[in-house]
Amino acid sequence: MRNLRKPIEEVLVSTGRRLRDSWGWAGRAVDSLLFPSYCPICEAETGGPAFCDGCRRELLGASGRTCARCAMPVGPYADRTGGCSECRGVALGFDRAVALGPYQGPIRSLCLSLKHERNAWIGRWLGELIVEGQLDQLRAERIPQAWVVPVPLHWRRRLSRGYNQAEALAVGVGRALELPVKPVLRRVVATPKLALAGRTERAKLMRQAFRAREVPGLKGRTVLLIDDILTTGATCGAAARALKRAGASKVLVVVVARAEGKP
Ligand SMILES: [Zn+2]
Ligand SMILES: [Zn+2]
């Protein structure tokens, strides 16, 4: 994988510059990152950023056989025609999904660490690792012109948390695939409001939870929609529908973890 293990100074400079050009506010955050020189999983000294070789191999091998539609792990003999037994016939809103692996073990711990801004650097490396692990699947989708779009947080939550982990992941995915990151989605319904609602109202609120800015170039575009965890697919599905309403032709969900949850 080209570019994946650049010296860190180079990564910081080039990513910082590219980000400043495209979306300055995130670029400032990346510029201030300091990378530790130990593996975030086993804490072994690595002499540089990111995972040690052992943990890296484990992460890359975590996925196993999955459903191409919803990224759920499936058995060796499962029929995957039109999806798996969980998602077949269900309108997901997105076209396909890939995950680094199931929401367990080190992948679960990494997702939890990722919620804190001080660990934004892990998001970048995870984004790149997903691409490396799922490259064949992603290539099959012919994505040379795709845009990378992070699932946004509601502005209020983003303000209180200080950052959105999906953005850090998107930077890694965009960098590994040399695709532009375009934060074209806006979250217009906050999560507490969703949590308080009843089931039917929740579904309705979720349908309106995202808006995509109608920017030139989105029409007919394939989008890689980035989030940390895919569970029932309701969030990514709503975000994908908003993108399609604004003209995107195909939405491929890219996440770190696939958690148990029926679509
Ligand atoms: Zn390690
Ligand atoms: Zn499925």
Side-chain angles (χ1 to χ4, degrees), residues 1 4-5 33 35-78 80 83-87 94 96-138 150-151 153 161 163-173 175-176 224-236 252-263:
M1 179 88 237
L4 215 64
R5 289 250 175 191
L33 291 180
F35 293 86
S37 60
Y38 59 86
C39 172
I41 297 174
C42 69
E43 299 189 353
E45 278 292 331
T46 52
F51 310 101
C52 71
D53 285 343
C55 290
R56 194 168 164 277
R57 265 197 304 276
E58 194 186 330
L59 290 174
L60 285 171
S63 169
R65 196 168 184 262
T66 57
C67 168
R69 222 176 147 239
C70 75
M72 197 68 132
V74 294
Y77 305 108
R80 291 186 292 177
C84 64
S85 57
E86 298 288 316
C87 75
F94 47 85
R96 288 191 61 160
V98 296
L100 185 61
Y103 187 64
Q104 60 191 36
I107 290 187
R108 182 173 175 274
S109 314
L110 287 166
C111 284
L112 294 172
S113 307
L114 204 54
K115 291 190 189 297
H116 306 285
E117 187 176 13
R118 64 175 183 274
N119 296 324
W121 63 281
I122 297 178
R124 291 256 317 281
W125 288 101
L126 274 174
E128 294 179 346
L129 210 60
I130 301 169
V131 171
E132 195 181 350
Q134 302 294 324
L135 196 62
D136 290 344
Q137 287 213 57
L138 292 169
V151 170
L153 295 175
R161 193 185 280 180
Y163 111 117
N164 172 6
Q165 65 269 41
E167 288 164 12
L169 291 165
V171 171
V173 172
R175 208 179 135 257
L224 303 186
L225 180 64
I226 314 297
D227 208 356
D228 54 350
I229 306 166
L230 182 68
T231 307
T232 63
T235 304
C236 283
L252 176 62
V253 170
V254 179
V255 293
V256 179
R258 179 62 161 102
E260 292 279 344
K262 215 173 158 61

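Position 1 is the first residue of the sequence, and the numbers go up from there. Predicted model only: the values in this text are computed from it and were never measured.
Every residue meeting the side-chain contact (heavy atoms from CB on, under 4.5 Å) condition with Gln104, not counting sequence neighbours, appears here in chain and number order: Pro102. Residues that satisfy the side-chain contact (heavy atoms from CB on, under 4.5 Å) test with Ser85, not counting sequence neighbours, are absent from this structure. Partners of Ala166 according to the side-chain contact (heavy atoms from CB on, under 4.5 Å) rule, which considers only residues two or more places apart in sequence or in another chain, are Pro150, Asn164, Asp227. Looking at residues two or more places apart in sequence or on another chain, you find no side-chain hydrogen bond (donor to acceptor under 3.5 Å, both in side chains) involving Glu58. Partners of Arg161 under the side-chain hydrogen bond (donor to acceptor under 3.5 Å, both in side chains) rule, at least two apart in sequence or in another chain, are Gln165. In this structure Glu43 satisfies the salt bridge (charged side-chain N to carboxylate O under 4.0 Å, His left out) test with no other residue, sequence neighbours excluded. In this structure Arg69 satisfies the side-chain hydrogen bond (donor to acceptor under 3.5 Å, both in side chains) test with no other residue, sequence neighbours excluded. Contacts of Arg80 classified as side-chain contact (heavy atoms from CB on, under 4.5 Å), with partners at least two apart in sequence or in another chain: Arg65, Val74.
Minimum interatomic distance between Phe51 and Leu126 (heavy atoms only, all atoms of both residues): CZ-CD2, 4.0 Å. Closest non-hydrogen pair, Ala259 versus Thr231, comes out as CB-OG1, 3.7 Å. When all heavy atoms of Leu252 and Arg96 are compared, the pair lying nearest together is CD1-CB, 3.1 Å. Leu129 and Leu60 get closest at one heavy-atom pair: O-CD2, 3.6 Å. A pairwise comparison of heavy atoms in Ala99 and Ala257 identifies CB-C, 4.2 Å as the closest pair. Pairing each heavy atom of Cys70 with each of Leu230, the nearest pair is O-CD2, 3.5 Å.
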* To do: Give the intermediate values and the outcome of side-chain contact (heavy atoms from CB on, under 4.5 Å) for residues Tyr163 and Asn119.
  => CA-CA 10 Å; Tyr163 111 117; Asn119 296 324; 5.5 Å; no

* Would Ile229 and Tyr103 count as a side-chain contact (heavy atoms from CB on, under 4.5 Å) if you check the C-alpha gap in whole Å, the side-chain angles of each, and the deciding distance to 0.1 Å? -> CA-CA 8 Å; Ile229 306 166; Tyr103 187 64; 3.6 Å; yes

* side-chain contact (heavy atoms from CB on, under 4.5 Å) between Val254 and Leu138: does it pass, once the steps are laid out? -> CA-CA 9 Å; Val254 179; Leu138 292 169; 4.2 Å; yes

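To the nearest 0.5 Å, atom CD1 of residue Ile122 and atom CG of residue Leu169 are 10.5 Å apart. Separation of atoms CD (Glu45) and SG (Cys39) is listed at 10.5 Å; rounding is to 0.5 Å.
By the 4.5 Å heavy-atom criterion applied to side chains, Gln134 and Ser63 are counted as neighbours. Considering only heavy atoms from C-beta on, Cys42 comes within 4.5 Å of Cys52 through its side chain. Taking the side chain as every heavy atom from C-beta outward, Leu110 and Leu100 never approach each other to under 4.5 Å. By the 4.5 Å heavy-atom criterion applied to side chains, Asp228 and Lys115 are counted as neighbours. The shortest distance between side-chain heavy atoms of Pro106 and Cys55 does not fall below 4.5 Å. Between Arg56 and Leu59, every side-chain heavy-atom pair lies at or beyond the 4.5 Å cut-off.
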